[in-house]
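Below: one structure, written as structure tokens.
A, B, ... follow the sequence lines: proteins, then strands. Residue 1 opens every chain.
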Amino acid sequence: MFYIFCPYCGEHREEEEFHPKGQAHISRPADPEATSDEEWGDYLFFRDNPRGVHHELWVHAVGCRKFFNITRHTVSYEILEVYKMGEQPSITAEHYAAQQGAASADKERNASQAKHQEGVRA
Amino acid sequence: MSNAQQFDTRPAGEHASEIAVESPLAYSMHRSGAPKVKADTRVTLRERAFLGHLTLRGGAIVLDEALRDVLGMSLPGEPLGLVQASFDGPAGECSIQWLSPDEWLLIVPGGEEFDVERRLREALGDAHFAISNVSGGQTLLELKGEAAREVLMKSVAYDVHPRHFPVGKAVTTVFAKASVILRRPSEERWELVVRRSFADYTYRWLLDAGEEFGIGVER
């Protein structure tokens with residue numbers, strides 16, 4: 001079960017009160033007449049299915065009945081961020097990868113330092 | 001004043017009293033019974049039927065001003081807020097609660113809703129708003145007594161501990177697979193606003209959940 005923070009109600013609620021509504025930030029082509037069939041098909045039918053950070057649209061169906069966005073990690077299911085409609089995410093796949101990269105580099109550095117210290121102690 | 005048409009759902013005129021009015025729970029009480037309040041009753045249930053329910057939608061600032069003019073009360077300042085005030089008139093109190101960032105539920109004594117709606121429409125003028133009279137669509141159940149919170153703990157997923165649910169809070173949440181507006185107007189009283197179509201289900205659920213606490217129904 002998710003425990004989701006609703007940005008409009010301002011508190012965490014049970015997943016039971018929410019519905020997922022698919023990928024977020026899908027905008028309708030500004031000029032449909034000039035859009036090719038392929039672009040229109042992409043817009044209508046094709047969605048991302050990433051392994052990792054994913055931006056999703058959710059609705060607080062039993063509650064304030066407002067739509068909002070969730071940035072979720074599809075492997076760990078961790079909810080990284082919740083933000084209102086019209087806002088842009090601060091955590092994106094690139095940003096997350098860079099962060100994780102930095103974190104693992106830190107870990108390696110700490111590990112090598114620890115080894116070094118142990119070596120000194122020995 | 002907007003030119004929206006209003007319709008008074010309560011019968012008026014000399015034959016009004018001949019038209020039978022039944023609460024959403026009338027048949028439920030007849031069929032499922034209504035256990036009496038006994039000495040060992042730890043929770044009591046009461047239906048407050050025929051209140052006037054109005055849904056207000058629009059900007060908080062204009063609605064707040066109109067509400068101050070008409071009823072002398074202000075909108076709840078925070079999400080999940082519930083504001084109560086006395087209603088100047090023959091009977092009782094009214095309350096307004098936050099439902100969503102642009103939606104509030106106003107409950108006034110029964111029979112006043114038509115007049116309140118008209119006065120609000122006048123006060124709001126040409127502002128961008130919507131008022132719907134939903135009195136016929138929902139009803140208010142009241143739980144009182146020391147075990148009221150325990151009955152709710154069996155029924156809603158929401159945390160009803162006083163630390164998390166202080167007096168003056170109101171949330172919309174899941175009640176036994178149905179939706180409910182759960183309000184806490186005072187220390188010992190809980191209110192459930194339920195859909196008319198779910199009133200029977202909610203009533204029977206409450207009787208079943210409250211059986212171990214000797215639930216009694218006040219009529």
Pairwise side-chain contact, B:Thr173 with A:Glu16, heavy-atom cut-off 4.5 Å (strictly under): no
Between B:Leu99 and chain A, which part of the residue has a heavy atom less than 4.5 Å away: side chain, backbone, both or neither? backbone
Look up atom NE2 in A:His12 and atom CG in B:Asp159, then write down how far apart they are to the nearest 0.5 Å. 13.5 Å
Tell me if the CZ atom of A:Arg47 is crowded by more than 12 foreign heavy atoms within 6.0 Å. yes
Which heavy atom of B:Pro101 sits nearest to which heavy atom of A:Tyr8, and what is that distance? CG-CD2, 3.4 Å
Nearest heavy-atom contact between B:Ser179 and A:Val62 is CB-CG1, 3.7 Å
Any chance you could measure A:Arg65, atom CZ, to B:Ser100, atom OG, to the nearest 0.5 Å? 6.5 Å
Is there side-chain contact between B:Val171 and A:Arg13, with at least one heavy-atom pair below 4.5 Å? yes
Check whether B:Glu78 gets within reach of chain A through its side chain, its backbone, both or neither, counting any heavy atom under 4.5 Å. neither
More than 12 heavy atoms of other residues, nucleotides or ligands under 6.0 Å from NE2 of B:His30: is that the case? no
For B:Tyr27, look at atom OH and say whether over 12 heavy atoms of other residues, nucleotides or ligands are found less than 6.0 Å away. no
How many angstroms lie between CD in A:Glu11 and OH in B:Tyr158, if you round to the nearest 0.5 Å? 3.0 Å
With rounding to the nearest 0.5 Å, note down the distance linking CD in A:Glu17 to OG1 in B:Thr172. 8.5 Å
Just checking B:Ile61: does its CD1 atom have more than 12 heavy atoms from other residues, nucleotides or ligands closer to it than 6.0 angstrom? no
Decide if atom CD of A:Glu15 counts as having more than 12 heavy atoms of other residues, nucleotides or ligands within a radius under 6.0 Å. yes
Over 12 non-hydrogen atoms of neighbours within 6.0 angstrom of CZ in B:Arg189: yes
